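Here the structure comes first, spelled out in structure tokens, and everything after it is commentary.
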Amino acid sequence: MSQHLSEQEILRREKLKELEQLGIQAYPADLFEVNCTTTEILKNYDAEKQQFQNVSIAGRLMSYRIMGKASFAVIQDGHGKIQLYITRDNICPGEDKTLYDKVFKHLLDIGDFIGVKGYAFVTKTGETSIHVNEFKVLAKALKPLPVVKEKDGEVFDAFTDPEMRYRQRYVDLVVNTNVRETFIKRAKMINVMRSFMSSAGYIEVETPVLQPIYGGALARPFKTHHNALDVPLFLRIANELYLKRLIVGGFDGVFEFAKDFRNEGMSRFHNPEFTMLELYVAYKDCYWMMDFMEAMVERIAIELYGKPEVTVGDQLISFARPWKRFTMFEAIKHYTGVDISSMDEETLRHTCRELKVHVDNTMGKGKLIDEIFGNHVEPKLIQPTFITDYPVEMSPLAKKHRTKPGLVERFEVICNAKEICNAFSELNDPIDQRERFEEQLKLGKRGDTEAMVLDEDFLRALEYGMPPTAGIGIGIDRLAMIMLNQPSIQEVIFFPQMRPEKKENE
RNA sequence: GAUUCUGUAGCUCAGCUGGUAGAGCAAUACACUUUUAAUGUAUGGGUCUCGGGUUCGAAUCCCGACAGGAUCACCA
């Protein structure tokens, strides 16, 4: 297969050969000793003190300004950027000026990795820089990077095409520093959650991604096949049923940051694989879990921003406790003025039409309520809000409400008009659970492709006895979108799913 | 899946009512030992996403395909 090379790519390959001819390895094998980072120098350098007089840093060459026998360049490492000052006399103390005149000025390109040794100083214009005594080529780049320039915070020629940014995230990360910051914050968010749960005494576990029976959520799965066993397997849509088995096994609290897979549409809010935190705690109920959720998310905001408020788009969202709490009926009444709490299915259907909510005849009572909620309430909930008391039909794994017939002990948190978590007092009555599964089977036979499958082993586990348990699932990507103020899920996932690039030569 | 917008140099974008392409940055060459969107002078660089059609002539108009964005629908 022949690669079509641009003019610049051909040139860089020629430079590579020239380096080799000069006896300079473009991809040396030996390590380059680094003794500090760009940000360490920029933060701590003080001209008064004798510091950073022997620095050795490595990174990618991002720009240079050659002025005859002296040059300025910018190098970027894993932390930030710093300016280099390079003079011919320093680099080439002897007669041979090749290293400066040829190698530095002509054979290096933007994007190349180099290592430099020198000392820190401040230039005339007041920029902390490194006075370079030696440099070494660490890796040559054969493709030109997009060159993004910046002055006084204004960015010129930014690399913005979403398709290229997602397909070539490595370039995006090199060139758009805010992208790197977003993903660092995402990692921090997950660390805050992990330590919050760990310090509460809960155990981080791992459960199967490949499952013979998929369960724990209402969704369509990806199907695969195991050759040796000659059985079909499914990529998990949730890990709920496995974590509950561990509660049966005697753990008091277990959690997992799980990659789940759902074979459904893609959008700004949906990637086929996504991350979900699930947490199960024995001897607790969903009201306890509400407090836990509130505290954990408030903690995230404080750790990320030093305060419980987060700016999302043009909204300021406050995660300061306590959050508003509504039952589903209260919320609907509040936002539509209609009290549906005692309506039967027919009246409900009529109400839907009055509220201009799309209905069809396959929808049961629970679904109708959900439609009203989704159309008239959810879009209005910007501040984090608990919604409790869901209809039983929609929640086959939740315990029936302790006092309200037809409802279950469940809550969701809606924030920025999107659900960010879903939690129950977990159903631990094995007989009730079997009946709920059977209901789901009926739905499946009627053609509901998302209905749950009956999991005999899970029921067997419940029959051994599961303590009362509170469980929650938090969509990490959705939460990250809010916490990191990003408008699409593709901005918080390194490598979002894309259609394959079309192949050349075919 | 529906609607709609977009696809031109390595990157960001112009390109009108059809006359086979332009700018800035990047690249190349030269000058310049404290510059910073460095500067100055010169030069090269394009299957205008792909395939059809209309036309004397298509980057431009029409149809289709592919890819992406936005909105909506399903879902987390």
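From a predicted model like this one, the values you see are computed outputs, not experimental measurements. All values below were derived from every heavy atom in this structure, side-chain atoms included, with hydrogens, water molecules and symmetry-related copies excluded.
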Would you say A/Lys15 places a side-chain N or O within less than 4.0 Å of OP1 or OP2 belonging to B/A27? no
Testing B/C74, B/C32, B/A27 for proximity to the side chain of A/Gln8, the answer is B/A27
Phosphate-side-chain proximity, A/Tyr64 and B/A27, N/O vs OP1/OP2 below 4.0 Å: yes
Does A/Arg499 CZ have over 12 foreign heavy atoms under 6.0 Å away? no
Please check the phosphate of B/U35 (OP1 and OP2 only) for any side-chain N or O of A/Arg65 closer than 4.0 Å. no
Taking a pair to mean Watson-Crick or G-U wobble geometry with both distances below 3.5 Å, B/A2 pairs with B/U71
Does the cation-pi check pass for A/Lys324 over A/Phe386, that is, NZ or CZ under 6.0 Å from the six-membered ring centre and within 45° of its axis? no
Any A/His131 side-chain nitrogen or oxygen under 4.0 Å from OP1 or OP2 of B/U35: no
base_contact_polar (B/U35 base, A/Gln83 side chain, donor-acceptor, <3.5 Å): yes
Between A/Lys124 and B/U34, is there a contact of a side-chain N or O with OP1 or OP2 at under 4.0 Å? no
Whole-Å distance separating the CD atom of A/Glu150 from the P atom of B/C25: 18 Å
Just how far, in rounded Å, is C1' of B/A38 from CZ of A/Phe156? 14 Å
Please list each protein N or O that sits under 3.5 Å from an N or O in nucleotides 12-15 of chain B, with the distance.
none

N/O-N/O pairs, protein side and nucleotides 1-6 of chain B side, under 3.5 Å:
none

With a 6.0 Å cut-off (strictly less than), is the heavy-atom count around NZ of A/Lys380, excluding the residue itself, greater than 12? yes
Please tell me whether A/Glu256 and A/Asn239 have a donor and an acceptor in their side chains that are separated by less than 3.5 angstrom. yes
With a 3.5 angstrom cut-off on both distances, give the Watson-Crick or G-U wobble partner of B/A27, or none if there isn't one. B/U43
Rounded to the nearest Å, what distance is computed from the NZ atom of residue A/Lys69 to the P atom of nucleotide B/U35? 17 Å
Does a sphere of radius 6.0 Å around NZ in A/Lys223 hold more than 12 heavy atoms from other residues, nucleotides or ligands, not counting ones at 6.0 Å or beyond? no
Does B/U17 have a Watson-Crick or wobble partner in any strand here, with both distances under 3.5 angstrom, and which is it? none
Within 6.0 angstrom of A/Arg220 CZ, more than 12 heavy atoms from elsewhere: no
Partner nucleotide, any strand, of B/G64 [Watson-Crick/G-U, under 3.5 Å]: B/C50
For the aromatic rings, using the six-membered ring if either is Trp, is the centroid distance between A/Phe196 and A/Phe292 under 6.0 Å? yes
Which label fits A/Tyr45 and A/Phe52: parallel for a plane angle under 30°, tilted from 30 to 60°, or perpendicular past 60°? tilted
For A/Ile489 and B/A70, what is the distance between atoms CD1 and P respectively, to the nearest whole Å? 12 Å
